[in-house]
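Shown below is the structure under consideration.
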2 protein chains.
Amino acid sequence: MIKYLDQTPVLVAVDCIVFGFDGQDLKVLLIKRGFESERDRWSLMGGFVKFDEDIDQAANRVLEQLTGLEGVYLEQLKVFGDPNRDPTERTISISYFALIDIHQYEKQLNDDYHAEWFLIKDIPQLIFDHQEMLNKALRKIRYKAAFHPILFELLPEKFTIPQLQYLYEGIYDSTFDKRNFSRKILSTKLLIKQLEKDKDSSKKGAFYYTLDKTRYIDKFQAFLNFIPNPESLID
Amino acid sequence: MIKYLDQTPVLVAVDCIVFGFDGQDLKVLLIKRGFESERDRWSLMGGFVKFDEDIDQAANRVLEQLTGLEGVYLEQLKVFGDPNRDPTERTISISYFALIDIHQYEKQLNDDYHAEWFLIKDIPQLIFDHQEMLNKALRKIRYKAAFHPILFELLPEKFTIPQLQYLYEGIYDSTFDKRNFSRKILSTKLLIKQLEKDKDSSKKGAFYYTLDKTRYIDKFQAFLNFIPNPESLID
DNA sequence: CCAAAAGTGTTAGTAGTACACCCATGA
DNA sequence: TCATGGGTGTACTACTAACACTTTTGG
């Protein structure tokens, strides 16, 4: 068996940036690192790729081991490969971002895994280049959500249009006209109106909608420009 | 010094997909692999990341060593990490794509480096998962070029609007109305009209234009939707 | 003088934006 | 009954798409 001689192997890690939306704010999930070096400092969900493991698999496994999350939206973001990014040992890291419905997992995450949600404006000091990864992920989400319906991944199965609008406004740190917003969203034909109303946030109540999964998959690439100036987005 | 114990390091490679446009067709640069295994089979420009080297650096170095290309547009694409992708040894590969002006390098590439240009429709059998990388890079270019002026990287410093249109038509395998195309392009204010004309492709001659570099940088994120249905694009 | 490609303007339709009032209900 | 948030329609503007003729000039 031929081998590549004279090549130095390096450690390969994956780091997952997990986003959630609590109905008010976009949040990021962090844990206290469980091993040396930098044990007990705040960190993204990270781990090493095993010898016999595909990279996407590794990301899913690490995420599951550290948070119990399975089958969530997970997308490869970028490789971070500065030779000095981890002073312990040369390690390159392949970053992924995940979008989840925060309420579906909130309790499990806190009780079983001691993971904690942080406001974007309120992130503690992170290890290595994790803050840079987070920034990159945020920009990517803003970019992608302008053309693809990924933000639905952050919402529960049933949601109202005002909730959805609130989410978009949070992501783009801006406000939209509710008449235009609702027309735009409904014109995608991606939403199915339910009979039931959410009465929590108003007296009149807002109708629940669910995602039309079939159309969601079909139309994933075809979505509307939600933001006034897509120019400002950086991939 | 703490080290990460019990973690298996793997080899990390970079592979560069180099695109060029000859005025007629989009082409891809390939070389015959210079080492075992798979020596002498057609391959993308690949090499291993050195122990002390940043990933982007590695991609630039490998590209330069194999083709002499320096300072060209080079963007990270995706990590390919199937454990069996390279049967020789577990290697993950970080793919990059480059866009260059084919004529500026054509001679050098053939004479000094024995690299060859291939039509997209006419790619020979490639090693490992290089065909998959190429497909991914093509989709990415189509996606990105719909919103960002990256295709100018494929043209010489001076080019005509019909040339540019021909390029876009090639990339999107479709045709555009020349009146609308020219209006759209000129409305970006990215082009500076020259006094000189290109008389090669017509008797009347077409005016040369150059890119306004300052505006190009400023407007890189703000470009027009060139294709009729961006839906069809997959990131 | 004619073939071949360059260059240019107008109109109609569509999509986006701005804007204000009524509705339902719990307290 | 009133305060709160939900829901809807219309007019204007801007962009996009469709379309045809004139210009230049080398052979």
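Here is the naming used below: chain letters follow the sequence lines, and residue numbers restart at 1 for every chain. Everything quoted here is computed from the prediction, not taken from an experiment.
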Subject >> Rounded interatomic separation in angstrom, taking CD from Gln163(B) and C1' from dA6(C) >> reply: 13 Å

Subject >> Whole-Å gap separating C1' (dA18(C)) and CZ (Phe176(A)) >> reply: 15 Å

**OP:** In whole angstrom, give the distance that lies between atom CG of Asp177(A) and atom P of dC21(C).
**Re:** 14 Å

Original post:
DNA chain D: Lys178(B) or Ser202(B), which has the more 5' nearest nucleotide?
Top reply: Lys178(B)

Original post:
To the side chain of Lys204(B), which of dT10(D), dG9(C), dT24(D) is closest?
Top reply: dT24(D)

**OP:** Would you kindly give the NZ-to-C1' distance between Lys184(A) and dT14(C), to the nearest whole Å?
**Re:** 14 Å

Subject >> Mutual orientation of the aromatic rings belonging to Tyr73(B) and Phe97(B) [parallel < 30°, tilted 30-60°, perpendicular > 60°] >> reply: tilted

Original post:
Ile185(B) CD1 to dT8(C) P: how many Å, rounded?
Top reply: 15 Å

Subject >> Atom-to-atom span, CZ of Phe181(B) to C1' of dG7(C) - whole angstrom >> reply: 14 Å

Subject >> Distance in angstrom units between Lys193(B) NZ and dA6(C) C1', rounded >> reply: 10 Å

Subject >> Spacing of Leu164(B) atom CG relative to dA6(C) atom P, expressed in whole Å >> reply: 13 Å

Original post:
Hey, mind stepping through Gln131(A) and Asn135(A) against side chain to side chain donor-acceptor pair (under 3.5 Å) and telling me if it holds?
Top reply: CA-CA 6 Å; Gln131(A) 181 67 50; Asn135(A) 297 343; 3.1 Å; yes

Subject >> Residues Lys27(B) and Asp25(B) bridged, charged N to O under 4.0 Å >> reply: no

Subject >> Phe152(A) and Tyr216(A) aromatic ring geometry - parallel, tilted or perpendicular at 30°/60° bounds >> reply: perpendicular

Original post:
Hey, does Ser182(A) reach any base, or is it just sugar-phosphate, or nothing, if we go heavy atoms under 4.0 Å?
Top reply: nothing

Subject >> Mutual orientation of the aromatic rings belonging to Tyr172(A) and Tyr168(A) [parallel < 30°, tilted 30-60°, perpendicular > 60°] >> reply: parallel

Subject >> Arg183(A) (side chain) and dG16(C) (base): donor-acceptor pair under 3.5 Å >> reply: no

Original post:
Which nucleotide, dT17(C), dG7(D), dT25(D), lies nearest any side-chain atom of Lys199(B)?
Top reply: dT25(D)

Original post:
Where each residue is assigned the nucleotide of DNA chain C containing its nearest heavy atom, which of Arg179(A) and Lys197(A) is assigned the position nearer the 5′ end?
Top reply: Arg179(A)

Original post:
Closest nucleotide of DNA chain C for Tyr209(B) versus for Lys203(B): which of these residues is on the 5' side?
Top reply: Lys203(B)

**OP:** Assign Thr160(A) to base, sugar-phosphate, or nothing according to its heavy-atom contacts below 4.0 angstrom with the strands shown.
**Re:** nothing

